[in-house]
Amino acid sequence: MYYVYIIKSINYPDKIYIGYTLHVHERIKKHNEHGSVYTKNWCPWILIFYCSFNDKLKALAFEKYLKS
């Protein structure tokens, strides 16, 4: 499965991040371990939304849509 997710900073509620991954919970853990250049300054993060896709291209298209 392919996942598109939205996370929100606990300390900076106006900060959200939209991403794509194969492993949602592992990816959130990486964000909270400062494993992402974009999100490292606003830790910790909580998962507020995710959805799954069978098709990688559909997942990437949805991620792009959410970011636009």
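Residue indices begin at 1 and follow the sequence shown.
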Gap separating the SG atom of C51 from the OH atom of Y3, nearest 0.5 angstrom: 10.5 Å

Same cluster (ILVMFWY, side-chain, under 4.5 Å), Y12 and Y17: yes

Linked, directly or transitively: I16 and Y38 (ILVMFWY side chains, under 4.5 Å):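 Different clusters: I16 never reaches Y38 through Ile, Leu, Val, Met, Phe, Trp or Tyr contacts under 4.5 Å.
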
Which pairs would a plain distance check flag for residues 55-68, meaning a side-chain donor or acceptor within less than 3.5 Å of a matching protein atom at least two apart in sequence or in another chain?
{"unit_1": "D55", "atom_1": "OD1", "unit_2": "L57", "atom_2": "N", "d": "2.9"}
{"unit_1": "D55", "atom_1": "OD1", "unit_2": "K58", "atom_2": "N", "d": "2.8"}
{"unit_1": "E63", "atom_1": "OE2", "unit_2": "K67", "atom_2": "NZ", "d": "3.1"}
{"unit_1": "K67", "atom_1": "NZ", "unit_2": "I18", "atom_2": "O", "d": "3.3"}
{"unit_1": "S68", "atom_1": "OG", "unit_2": "Y65", "atom_2": "O", "d": "2.7"}

Donor-acceptor list for residues 39-50 side chains, cut-off 3.5 Å, not counting sequence neighbours:
{"unit_1": "T39", "atom_1": "OG1", "unit_2": "H31", "atom_2": "ND1", "d": "2.8"}
{"unit_1": "T39", "atom_1": "OG1", "unit_2": "S36", "atom_2": "OG", "d": "3.4"}
{"unit_1": "W45", "atom_1": "NE1", "unit_2": "T39", "atom_2": "O", "d": "3.1"}

Minimum heavy-atom distance between I28 and Y5, given as atom pair plus value: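 Closest approach of I28 to Y5, heavy atoms only: CD1-CD1, 3.8 Å.
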
Salt bridge (Lys or Arg N to Asp or Glu O under 4.0 Å) contacts in which one or both residues fall within residues 6-24, not counting sequence neighbours: none

Which atom pairs, donor and acceptor, lie under 3.5 Å between side-chain atoms of residues 19-26 and protein residues at least two apart or in another chain?
{"unit_1": "T21", "atom_1": "OG1", "unit_2": "H23", "atom_2": "N", "d": "3.2"}

